[in-house]
Structures are given as structure tokens and as C-alpha cells.
Amino acid sequence: MASEFGGRCFLRFDDTNPATESPEYVEAIVDDVRWLGFEPDEIRFASDYFDQLYAWAEHLIERGLAYVDDQDADAISAGRGGFGQPGVESPCRDRASEENLRLFREMAAGQHPEGSRVLRARIDMQHENMQMRDPVMYRIRHKHHYRSGDRWCIYPTYDWAHGQSDAIEGVTHSLCTLEFRDNRTLYDWYLEHLPLAELGHAGDRPHQTEFARLELTHTVTSKRVLRRLVEDSHVDGWDDPRLPTLRALRRRGYPPSAIRDFCGFIGVARTNSRHAPELLESFVRTELNAAAPRRMAVLRPLKLVITNWPTDDDGEPLVEYREAVNNPEDPSAGTRQVPFSGTLWIEQDDFRLEAPPKYFRLTPGREVRLRAGYFVRCTDAVTDADGNVTEVHCTYDPETSGGQAPDGRKVKATIHWVSADHAVPIEAALYERLFHTELPGERTGDPLDDLHPNSRELCAGVAEPAIGDITPGHVVQFERLGYFCADSAVASSADSGSSEAPLFHRTVGLRDEWANIQKRQRHSGGSVRPGDQGGSR
RNA sequence: UCGGGGAUCGUUCAAUUGGUAGGACAUCGGGUUUUGGUCCCGGCAAUGGAGGUUCGAGUCCUCCUCCCCGAACCA
């Protein structure tokens, strides 16, 4: 927004609570923001302003607008009243300002125990907005702060720090999420009662604007719940590709530009809404379709033998190098050589002993095209004792080397493959939504009750040799399977068993028409709706 | 219970001062295609409800309904 209007953008950490701040979080957030593509003009901390905040607190005390309250947290809470019930004033509320000043200085000097007193703004205990019922400005915390060290033992609350920090920085537009709407009244009250002119900033004081947070279905964004997922090992860490955190999306291969496009497209609104992840995924696909190099990989291998494949003088099957385009969307990406021979791995999904309706792939008697290879016709299949297909036999047509038949006959499917003798083992992680419901926790109150039991499936697969070109952190399209990101973690946190195979995270699948057809076939599944038959109305 | 926000296709974001409700995702149909991908064409589909003002209301007024936030020494 700052760049759109030629302004400057500050990234500020409101580190007002020494108990919940740590440098690790700061570094992680700054790192995530940079990766997303934003360079803050300045990084600031509310703790930079503790001195000014303290001086302003005395300013309010001197004017009878703040007082030290000796009540404990429970008493203050009880005195605040409730929705529709007015609060009651604290017995300390009319203390003389000299005494308030003395007490406040003693608090700052460490002469009072933690929790014994607070400084409150003196506003209105009858106010219909709870934020205005004498909010707490300072609390005593005898704790070390990761930035201000042991200099302070009283710490400002968020409300007392936020607007003032904005004012000190000369911020004009202070953006925050919807739940702070009620706090805005207090934000304005503080700023109106402080000598901001002394700051020397030109123009108006800061103003707060609220907008709806970005929510997605089938996941959680609550820090509390995310932490539970991580700490209770439901996921592998903050960068587990199933999480919606920026570092997770990064590890999964989401291009930052796709995330930015998505955010720009949905815009900024005040409506509480929850976007379907499909929309984000469509931006990811658009980006990756243009940029990702193509390779062939087989995730659930099934052996295919070409029975009429020629052998060389030693009786060994011939090896042929086929030229394959690296990206049909980008001719400049060039081509590569892919080894082809008489024994190949194909996808189990690409063969059926008995083909269901609309199934275009391999089945006995049918001819399909091997991508960048030849037409092959299935002659028969070998099954084991349980009836599982273990091997598929085909014959190839040497005339179809160009991918077309000279006699003009067509095939309805093109399938991918990997030469068995040249296959390099890989491991692929396929992800489902982390939660199987749109709004996790809606039924039981606990989001974890809606965890998808199999949100990750690991496949031991094979890929063509040129997979070696794909370095960690980069995304490749496995043809017909989706986009996959080479894992960038030093040691894979996924339990990959004994395999040393490189790990690929499926960023997102390709649009899958066949999956839709199957879904429809399942839903119609022989049952006919009553109205469809009778023709009566 | 009181205060504050909000409500438009299945989902989501639009719609000058009141003037034909539009796009994207999803979905369905068709075309192209050596990825059932991409691309192209087309279809379906909405103003929460009831009144009122007006030639004309998603936009203005009244009442109602539903959803979200708010009673931390959290942010």
C-alpha cells in the first residue's frame, strides 16, 4: 500500500510483553517478509520508544488522566462490569496526581512486586465500549526483555504503545485487523490527550484503519493452534509443507509472486470471509505452468515390457535417446535427451485390466502414445496370485517415432514413462488438506478433531536422469502429475525410511479432468434420482 | 444483555453522483493439443427478509433476520 501511494512502510514489532517475545520470531518474520518480496523501509520496535512512553504516562498522570490502581487483576476485571452493565470505579481512581506520580515512579524503580499495582488511564467506567473503562497502561513485570534488557520492570500494554509508536514514527495510516475496531476509540483518545506537536511531524496524527484478515478454508491461521500442531508433532515443524505459514508455502514451492498475485486479486475488505485454497492454487499453477521445467517421473511404478524392442549385437536391448521439450509454454527452455529402452516404468493408474467408461489409457488391445516416444499397443498383462498386475506387455510401432502414425490413426491418450535401466529413485510427498473440514473445529470446538488422518502420502518413485538438474528449492513439473519442489531442508524431516532418494514435495497437482469424471461416475453410481425417471412434474 | 462491524452467483471480489448486476475460482458443454495440462469459445448461477422514497434502488430511509468482534496486567 505504501508503494502504491509513494509512501514508506515500517515493519514494527510491538514487543511490549517481555514474556512472549524472542529474537527468533523477529528474524523468522523478517525473513518471511523478505522472501515474499517486501523490503520494509525500516524495521522498528515498540521497545525503542519505552522512554517516550514513560514520559507521556507522567504527562497524563499530571493532568489527572491516569492513576495507579492497587487492585489485583481479578478485582479490576470484576470492576469493569459486563456487556450492558456499567463498571464501578476503583477506590484508587481519585488519588491525587502527586501520589500517583510518586507511586508510578516507585513502580518503575522496582519497589513494588509484580502484579501489585498497575497504571490505568482515567477515562469512563460507564463507557459502552469496554476498551474505554479505564484501560491498563502499565503493568509490573520483573523480567528481562530481549531488547531493553533489565532497564525496565514496568511494561506498556499494547494499547498504550501502539498509537504512540505510530505517532513517533510519523505514520499516517496504521493498518490492523478487524478485531481492533473497538480499540480505535482508545487509540484516538490517547493521541488526542498527548502533546504530539512536540514530535515535530508535519500533518495530521496517525489514524487506524481495520481490514479483514486473510483466512483460508481447510486450515488454521491461529498462532495458538499452529503451535499446538508443531509442538505435539502433528506436523514436522513450522515449515511443514502442509501448514499455511509462509515458510511452509516456501518449502512446498509456492512462488512468492503467486502469493502476491493472490493477495492483490482478493483485495482488502472489511467482510469476514474465508477463501478456498483452490483460488490460491490457481495462481500457483498459472505461475508454475509458465516457469517450471518438465520432467517425467513415475510415482507408483508398474513394469512395461516392449516385447518387440530390438537388441544390439550382444543381445542387449537397444538404448535410444529421445528428445523431449522442457517447457511447451516456453520454447527458449529448449529440449533434453531422455533414455528409452525395452523395459519402462509406467504409472499404475495408466493401466487397467478392464477399462471403465471414458478410460483412455492402456488396457489390453488398446494403443496409446508414450510421451516423446512411440505408440505402443498392449498385448497382455502378467498378474500375481492375488490378481495384481505385475507386468504389462506391449508392442511398439517403429513408424510412430515422431509421435504420429503415418497412416493417420489416432490415440486417445499419451502417458509418461521412465526407462527402467536409467531410472533414478526419488521420493515424493503428496499432500491432502491438513484438515478435512472447511472450518476446522466448527463441530467439536477443537480444530485438531478435524485433522486429516492421511494428509501426507510418501511415494517411492523413479525419475528420468535429467531430474538431477532440479536443485533444492526449485520446482519442476512431473508431466501429468503436478508441480513438485525439490526439498531444501538439510535433513529431510519426513520419515523417508532407508532411502537416500531426493525428496520432492508436491506443490500442487495439475487440473485433473479424469479425476472429475471418476467423481461424477461415483456420484451417479447406478442410483437414479426418482424425478429423473417419471417425467412428471 | 449492551456496544461495534458485516451480509451480492456454490466460493470470493467488483458495480461513477441511484441508471443493463461484471470478473475470478469451482462446475458443466465444445474446440485445439504428443501432458485428460496449457490455451480458446460457450453455459449455469446472486443483491438475507419486509416495507418506503424514486421514472428507476445492490446503492437512500425504516423495521426485522443472520454472522463476526468486544468484559487479559495478550496482541
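Values in this document were obtained by computation on a predicted structure and should not be read as measured data. Just the heavy atoms: all of them, side chains too, but no hydrogens, waters or symmetry mates, feed the values below.
- Residue contacts shown for E215(A) are absent, as no nucleic acid heavy atom lies under 4.0 Å away.
- Regarding H416(A), its NE2 atom lies at a distance of 15 Å from the P atom of rG37(B), rounded to whole Å.
- V284(A) pairs with exactly one of V475(A), T507(A), D261(A) by the side-chain contact (heavy atoms from CB on, under 4.5 Å) rule, that one being T507(A).
- Going from atom CG of N183(A) over to atom P of rC68(B) covers 19 Å, rounded to whole Å.
- No engagement by E114(A) is indicated, since no non-hydrogen atom pair under 4.0 Å with the nucleic acid exists.
- Nucleic acid contact class of I415(A) (heavy atoms, under 4.0 Å, all strands): none.
- A ring pair (Phe, Tyr, Trp, His ring centres under 6.0 Å) with H145(A) is found for one member of W152(A), F50(A), F45(A) and no other, namely F50(A).
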Distances for protein N or O near nucleotides 32-34 of chain B N or O, under 3.5 Å:
from    : atom 1 : to      : atom 2 : distance (Å)
rU34(B) : OP1    : Q404(A) : NE2    : 3.3
rU34(B) : O4'    : R369(A) : NE     : 2.8
rU34(B) : O4'    : R369(A) : NH2    : 2.9
rU34(B) : O3'    : R371(A) : NH1    : 3.4
rU34(B) : O2'    : R371(A) : NH1    : 2.6
rU34(B) : O2     : A372(A) : N      : 3.0
rU34(B) : O4     : G402(A) : O      : 2.0
rU34(B) : O4     : G403(A) : N      : 2.7

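- Between the side chains of S47(A) and R147(A), at least one donor N or O sits under 3.5 Å from an acceptor N or O.
- Centroid-to-centroid, the aromatic rings of Y155(A) and Y138(A) stay 6.0 Å apart or farther.
- Within 4.0 Å (heavy atoms only), R294(A) reaches at least one base atom of the nucleic acid.
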Protein-nucleotides 3-9 of chain B N/O pairs under 3.5 Å:
from   : atom 1 : to      : atom 2 : distance (Å)
rG3(B) : N2     : D182(A) : OD2    : 2.9

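- Spacing between atom CD of Q521(A) and atom P of rG36(B) amounts to 16 Å, rounded to whole angstrom units.
- Atom NZ of K410(A) and atom P of rG36(B) are 15 Å apart (whole Å).
- Put simply, T157(A) has no side-chain N or O that comes within less than 4.0 Å of OP1 or OP2 on rA72(B).
- Ring-plane geometry between Y396(A) and Y374(A) is classed as perpendicular, the angle between the planes exceeding 60 degrees on a 0 to 90 degree scale with a lower cut at 30.
- Partners of S77(A) under the side chain to side chain contact (heavy atoms under 4.5 Å, CB included) rule, at least two apart in sequence or in another chain, do not exist in this structure.
- Residue Y138(A) is classed as having no contact, given no heavy-atom separation below 4.0 Å to the nucleic acid.
- At least one cation-pi condition fails for R260(A) and F283(A): the charged atom is not both under 6.0 angstrom from the six-membered ring centre and inside a 45 degree cone around its axis.
- Within 4.0 Å (heavy atoms only), T20(A) reaches no atom of the nucleic acid at all.
- Remark: C1' of rC2(B) and CD of Q85(A) are 8 Å apart, rounded to the nearest angstrom.
- Look at N17(A) and you'll find a side-chain N or O under 4.0 angstrom from OP1 or OP2 of rC74(B).
- For R141(A) against rC73(B), a side-chain N or O and a base N or O form a donor-acceptor pair under 3.5 Å.
- Judged by distance alone, with hydrogens and angles left aside, the side-chain atoms of N289(A) form no donor-acceptor pair with the main-chain N or O of E329(A) at under 3.5 Å.
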Dot-bracket, RNA chain B: Watson-Crick or G-U, under 3.5 angstrom, [ ] crossing, | other strand? .((((((..((((.....[..)))).(((((.......)))))....(((((..]....))))))))))).....
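- If A515(A) and D15(A) are placed on RNA chain B by their nearest nucleotide, the residue sitting closer to the 5' end is A515(A).
- A donor-acceptor pair under 3.5 Å is formed between the side chain of Q521(A) and the backbone N or O of P357(A).
- Using a 4.0 Å heavy-atom criterion, one finds that R274(A) contacts the sugar-phosphate atoms exclusively.
- Rounded to an integer number of Å, the gap from CD1 of I123(A) to P of rA71(B) is 16 Å.
- Residues Y187(A) and G163(A) come closest through the heavy atom pair CE1-CA, 3.3 Å.
- Across the protein-nucleic acid pair, L53(A) atom CG and rC73(B) atom C1' stand 16 Å apart, rounded to whole Å.
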What nitrogen or oxygen pairs link the protein and nucleotides 21-29 of chain B at under 3.5 Å?
from    : atom 1 : to      : atom 2 : distance (Å)
rU27(B) : OP1    : N516(A) : OD1    : 3.4
rU27(B) : OP1    : N516(A) : ND2    : 3.3
rC28(B) : OP1    : R520(A) : NE     : 2.6
rC28(B) : OP1    : R520(A) : NH2    : 3.0

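- Applying the side chain to side chain contact (heavy atoms under 4.5 Å, CB included) criterion to M125(A), with sequence neighbours excluded, gives E89(A), R93(A), R120(A), R133(A), D134(A).
- At the heavy-atom level, R361(A) lies under 4.0 Å from base atoms of the strands shown.
- T16(A) comes within contact range of the sugar-phosphate backbone alone, with a heavy-atom separation under 4.0 Å but no base atom that close.
- In this model, the phosphate group of rC74(B) is approached by a side-chain N or O of R139(A) to a distance below 4.0 Å at OP1 or OP2.
- Toward the 5′ end of RNA chain B lies the nearest nucleotide of H275(A), the other residue of the pair W514(A) and H275(A) mapping further downstream.
- No engagement by G267(A) is indicated, since no non-hydrogen atom pair under 4.0 Å with the nucleic acid exists.
- L186(A) places its CG atom 14 Å from the C1' atom of rA72(B), with the value rounded to the nearest Å.
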